[in-house]
Amino acid sequence: MRGWIQAGATLLTNIHLPNFFRGGIYQGKGKSVCVPGLNCYSCPAASGACPIGSFQAVVGSSKFGFSYYITGFLILLGVLLGRFICGFLCPFGWLQELLHKIPSKKLSTKKLKPLTYLKYIILLLAVVLLPALAVNDVGMGDPFFCKYICPQGVLEGAIPLSLVNEGIRAALGTLFVQKLFILLAAVALSILFYRPFCKWICPLGAFYALLNKISLLEIKMDEQKCVSCGKCAASCKMDVDVRKTPNHAECIRCGKCITACPAEALCFHYGFGSSHKKKEQQTNEINMEEQR
């Protein structure tokens, strides 16, 4: 069902489909609200604003110093769902998974784990610091990630708009070519690797990853049921060993490990109390041993 949920989330995020044929973007009241996943504001069909783009727009503005609303929104989503958003609700994440289904040789990312830290650097530099500090004479900063890095803007915004709007097509220049190259690279890598943009580049995924361990939605492991077969770790395409770190920052809550477990030792858990119950169980075991 996860694929259908991803498709439904993508459709709801881009519900204004007729705009693809009009060559313009939806600019109604919905654009004042952020969507949870990476989805370009400039997409003709976009029903809301991209949280990364909105954050940069406020940080880079000469009138505002910090985006409390967008930061609070992201923290709320991170606490409620964590990287479940990456696994179920992000349009660009779904696109990468569809590309990975194309028959070809598949490569592992296990030996490339140091690259996962790159997205945190991009979050800090391209999303937070550069838009706030690298400003022009009137105090305005560029949305560095959206302008120079994000391939979603080219895929959802520049390409469909230029196909219909002659004025936009005539205005395309070197920057479009550079970002088109990034998009093509992301497409090619997605065929070979599983979700490379999510693992290495995406600052939105990096932000949710920081809150993954305290998210109310988590994966819970029953150590008494676990038979240490390793099938859960082998099934994880995000290179997470759920036995050691069931709520790792890279876990997108896709549920593949839960399905692969033959002993039903893994399950989704939502709400408070999981870690408390584990500590309480450990305390009870220690007390029983002392009594013996």
Side-chain angles (χ1 to χ4, degrees), residues 6 10 13 34-43 50-56 59 70 74 77-78 82-100 102 106-131 134 142-159 175-212 236-240 248-254:
Q6 288 174 295
T10 300
T13 305
C34 293
V35 296
L38 193 71
N39 197 77
C40 187
Y41 180 98
S42 297
C43 175
C50 174
I52 294 297
S54 299
F55 181 89
Q56 291 180 102
V59 170
I70 300 168
L74 289 174
L77 288 178
R83 291 199 73 180
F84 173 90
I85 296 169
C86 303
F88 282 82
L89 304 180
C90 182
F92 200 67
W94 183 46
L95 173 64
Q96 291 174 83
E97 291 194 14
L98 293 177
L99 291 169
H100 195 67
I102 296 175
K106 306 303 177 184
L107 303 177
S108 173
T109 56
K110 289 184 178 181
K111 294 182 179 181
L112 302 173
K113 282 187 177 181
L115 290 178
T116 60
Y117 296 103
L118 179 60
K119 62 179 176 287
Y120 298 101
I121 298 174
I122 292 174
L123 173 63
L124 180 62
L125 293 181
V127 177
V128 180
L129 293 182
L130 287 177
D142 282 336
F144 280 83
F145 175 76
C146 295
K147 186 175 181 178
Y148 298 107
I149 301 175
C150 185
Q152 186 76 318
V154 174
L155 177 66
E156 289 189 324
I159 292 177
L175 183 59
F176 170 77
V177 176
Q178 293 174 354
K179 292 193 65 178
L180 180 62
F181 176 79
I182 294 175
L183 173 62
L184 294 176
V187 169
L189 289 173
S190 296
I191 297 173
L192 298 174
F193 300 99
Y194 183 79
R195 282 180 171 246
F197 187 82
C198 297
K199 290 180 178 180
W200 306 328
I201 306 296
C202 184
L204 187 59
F207 189 92
Y208 290 141
L210 294 173
L211 300 170
N212 220 26
C236 181
K237 294 184 178 181
M238 296 300 289
D239 306 327
V240 175
H248 193 279
E250 294 302 309
C251 175
I252 58 172
R253 307 289 196 259
C254 67

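Hydrogens, waters and symmetry mates play no part in the numbers below; they use all other heavy atoms, side chains included.
D239 is listed as a side-chain neighbour of K199, based on a closest heavy-atom distance under 4.5 Å. Side-chain contact check for Q56 versus V127: some heavy-atom pair is nearer than 4.5 Å. Residues L204 and L74 have side chains in contact (heavy-atom distance under 4.5 Å, counting atoms from C-beta outward).
Between the side chains of Y194 and E97, a donor-acceptor pair is found at a separation under 3.5 Å.
In this structure, SG on C90 lies 7.5 Å from CD on Q96, to the nearest 0.5 angstrom.
Judged purely by atom type and a 3.5 angstrom limit, K106 uses its side chain to pair as donor or acceptor with the backbone of I191. Panel note: side chain Q178, backbone Y148; no donor-acceptor pair is recorded below 3.5 Å.
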Practice task
Go through the steps for L124 and Y120 under the test side chain to side chain contact (heavy atoms under 4.5 Å, CB included), then give the verdict.
Solution key: CA-CA 6 Å; L124 180 62; Y120 298 101; over 6 Å; no

Practice task
Start with the C-alpha distance between M238 and R195, add both sets of side-chain angles, then the distance that settles side chain to side chain contact (heavy atoms under 4.5 Å, CB included), and finish with yes or no.
Solution key: CA-CA 8 Å; M238 296 300 289; R195 282 180 171 246; 4.3 Å; yes

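Ring geometry, F84 versus F88: the interplanar angle falls under 30°, so the pair is classed parallel (tilted spans 30 to 60°). Note: F145 and F197 have tilted aromatic rings, judged against thresholds of 30 and 60 degrees for the angle between ring planes.
Taking a cutoff of 4.0 Å between a charged side-chain nitrogen and a carboxylate oxygen, K119 and E250 qualify as a salt bridge.
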